[in-house]
Amino acid sequence: MVSKHEDLLFKDVSEEEVEVLLKRINIESKKKKLNPSEIRFINASVLIADIIIELDDVIYIIEFQSTSIDINDKNRFLAYFSMVNFKKKTKKEVKLAVISTAEVAKKIIHIIGDSIKFKFDVYSFMDEDGDIIINNIETKIKNNKEISDYELIDLSLVPIMGSKNTQEHQIEKSVNLILSIDLEKYKVNNLVKSIAYLLADKFLEDGDKKTAICDALGGKMSAIYDYGQRQKDEGIKEGIKEGIKEGKKKMAKYMIKEGKTNEEIQKETELTLEDVEKIRNEN
């Protein structure tokens, strides 16, 4: 089987980048040292695990899931688990983490027959608002404010968060922003592009749009130019302006629920105090 392009992207991911990702999804490891050559994908016929991260004390298999987990998924996850154990021939503990857009966080025990019990954790981003994250990044870009590594990780994960928009729309929005940011100055540079690539490749239907996005994230300069020109032709910039406006309102509503004052909301969103008060009265 031909290696997928994201294999090469993930192999460039650094120890620091992995630590940011693990913290973001609340995975704790006693030891943080990474075996850098071991961030890779399993290829075995039609079975392809999303990410495998080998630390010096544990191996994590991370899988992204956009549908409810059924018996076929459980058996597939067990196959990943078994292949890692077989391939590595290691005494390290192997753990599976499923990042889901369709289910709440929970622990699952998959029982096969009388003796086999396979346990794994489900992490959920359903309750996190991807629209607010996109608006926050757009606002920071507009105002030339610094964006943190954790915010960039969140931006790459936007497609698996809650939103009023479709997953395809969220993939495009997050990719547009990722490509507009000078990632070279960030330590999570490779990880952000790799996650964005993986989610686009996994969740977009095959076609020109998927190819253009993956090629652009993969670093093909001609593809980046072509993709950027396409966004310009489709009026994306105007859409972003409108999205910023709507996103600010949504962020204000969120901050109101958090008990923030009108002045705090005005400072963060740059809405007028009159607009903030109007939004408060609408709730």
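What you see below is based on every heavy atom in this structure, not just the backbone, and it leaves out hydrogens, waters and symmetry mates.
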*For residues Gln65 and Thr67, is any side-chain donor paired with an opposing acceptor at under 3.5 Å?*
yes
*asked:* Please list all pairs meeting salt bridge (charged side-chain N to carboxylate O under 4.0 Å, His left out) that have one or both residues in residues 180-189, counting only residues at least two apart or in different chains.
replied: none
_Residues forming a side chain to side chain contact (heavy atoms under 4.5 Å, CB included) with Glu93, sequence neighbours excluded_ = Val58, Lys95
*With Asp206 via salt bridge (Lys or Arg N to Asp or Glu O under 4.0 Å) - residues at least two apart*: Lys210
*asked:* One pair to check against salt bridge (Lys or Arg N to Asp or Glu O under 4.0 Å): Arg76 and Asp73. What are the steps and the verdict?
replied: CA-CA 5 Å; Arg76 177 165 53 87; Asp73 294 315; 2.7 Å; yes
*Under the side chain to side chain contact (heavy atoms under 4.5 Å, CB included) test, which residues partner Asn143, sequence neighbours left out?*
Thr139, Lys145, Glu270
_salt bridge (Lys or Arg N to Asp or Glu O under 4.0 Å) partners of Lys140, counting only residues at least two apart_ = Glu151
*Quick one: salt bridge (Lys or Arg N to Asp or Glu O under 4.0 Å) partners of Lys267, sequence neighbours excluded?*
none
*Partner residues of Phe118 under the ring pair (Phe, Tyr, Trp, His ring centres under 6.0 Å) criterion, sequence neighbours left out*: Phe81, Phe120
*asked:* Going by ring pair (Phe, Tyr, Trp, His ring centres under 6.0 Å), name the residues that satisfy it together with Tyr186, two or more places apart in sequence or in a different chain.
replied: none
*Please indicate whether Asp70 has more than 12 foreign heavy atoms, meaning atoms of other residues, nucleotides or ligands, lying under 6.0 Å from its CG.*
yes
*Who pairs with Glu103 by side chain to side chain contact (heavy atoms under 4.5 Å, CB included), at least two apart in sequence or on another chain?*
Ser68, Ile69, Ser100, Lys106
_Residues which pass salt bridge (Lys or Arg N to Asp or Glu O under 4.0 Å) with Glu168, listed by chain and number, not counting sequence neighbours_ = Lys209
*asked:* Run the side chain to side chain contact (heavy atoms under 4.5 Å, CB included) test against Asp121 and tell me which residues pass, sequence neighbours left out.
replied: Lys107, Tyr123
*Supply the members, apart from Ile111, of the Ile/Leu/Val/Met/Phe/Trp/Tyr cluster built from side-chain contacts under 4.5 Å; use none for a lone residue.*
Ile109
